[in-house]
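The structure under discussion appears below in the form of structure tokens.
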Amino acid sequence: MPMAPRVLLLCLLGLAVTEGHSPETAIPGCHLHPFNVTVRSDRLGTCQGSHVAQACVGHCESSAFPSRYSVLVASGYRHNITSSSQCCTISSLRKVRVWLQCVGNQRGELEIFTARACQCDMCRFSRY
């Protein structure tokens with residue numbers, strides 16, 4: 001194949017792979033991602049404030065493969081696929097102060113947690 005069509009083919013493949021993805025999903029791994037949080041003191045919004053907090057977003061490695069014969073035998077031939085995966089999780093937190101504007105021109109403050117660092121780690125059920 002001549003050089004020009006090869007280059008064009010590679011460029012088209014690159015566009016097909018990356019089209020439709022945001023910049024964050026194009027970068028492999030698990031990363032901090034900012035999002036806006038609005039905090040209210042009660043359902044009426046007597047006091048409220050906003051802050052940009054950090055979440056962890058991204059993707060981590062996973063795999064699935066046929067189980068070894070010993071696993072098949074031990075499971076009574078019910079466990080025929082073995083899988084292994086990691087999830088994007090918060091590895092450390094930090095407290096941040098949110099200033100609240102209250103009715104009557106009063107001010108208040110509240111501390112909330114935000115992600116400090118992210119990592120790929122064992123997937124766990126959420127308890128929240």
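Starting from 1, each residue takes its place in the sequence as its number. Predicted model only: the values in this text are computed from it and were never measured.
- In this structure, NE2 in His59 is found 7.0 Å from NE2 in His31, a value given to the nearest 0.5 Å.
- Follow the hydrophobic side-chain contacts under 4.5 Å out from Val37 and you reach Leu100 in the same cluster.
- With sequence neighbours left out, the side-chain hydrogen bond (donor to acceptor under 3.5 Å, both in side chains) criterion links Gln54 to no other residue.
- The NE2 atom of His79 lies 10.0 Å from the CZ atom of Arg68; values are rounded to the nearest 0.5 Å.
- Under a 4.5 Å side-chain heavy-atom criterion applied to ILVMFWY residues, the cluster that includes Val71 comprises that residue alone.
- Across all their heavy atoms, Thr38 and Ser50 have their closest contact at OG1-OG, 3.5 Å.
- Atom CG in Asn36 sits 9.5 Å away from atom NE2 in His51 (nearest 0.5 Å).
- The side-chain hydrogen bond (donor to acceptor under 3.5 Å, both in side chains) test applied to Asp42 returns Thr46, not counting sequence neighbours.
- Phe35 and Phe113 are members of different hydrophobic clusters when ILVMFWY side chains are connected at heavy-atom separations under 4.5 Å.
- The SG atoms of Cys60 and Cys88 do not sit under 2.5 Å apart.
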Check against side-chain contact (heavy atoms from CB on, under 4.5 Å), Gln101 and Arg107 = CA-CA 5 Å; Gln101 184 64 41; Arg107 292 185 55 93; 3.5 Å; yes
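- Looking at residues two or more places apart in sequence or on another chain, you find a side-chain hydrogen bond (donor to acceptor under 3.5 Å, both in side chains) between Ser67 and Thr82.
- With values rounded to the nearest 0.5 angstrom, Cys56 atom SG is found 11.0 Å from His33 atom NE2.
- Remark: Ser84 OG to Met122 CE distance equals 11.0 Å, nearest 0.5 Å.
- Contact between Ile112 and Val39 at its shortest, heavy atoms only, is CG2-CG2, 4.4 Å.
- Between Ser85 and Ser62 the shortest heavy-atom distance is CB-CB, 3.6 Å.
- In this structure a side-chain-to-backbone donor-acceptor pair under 3.5 Å is missing from Thr89 to Cys123.
- Atom CZ of Phe65 has more than 12 heavy atoms from other residues, nucleotides or ligands within 6.0 Å.
- Legend: residues meeting side-chain hydrogen bond (donor to acceptor under 3.5 Å, both in side chains) with Glu109, ordered by chain and number and at least two apart, are Arg97.
- The SG atoms of Cys87 and Cys120 are placed at least 2.5 angstrom from each other.
- In this structure, Glu61 has no salt bridge (Lys or Arg N to Asp or Glu O under 4.0 Å) partners at least two apart in sequence or on a different chain.
- Val96 and Leu110 fall within a single hydrophobic cluster, where Ile, Leu, Val, Met, Phe, Trp and Tyr are joined by side-chain heavy atoms under 4.5 Å apart, directly or via other members.
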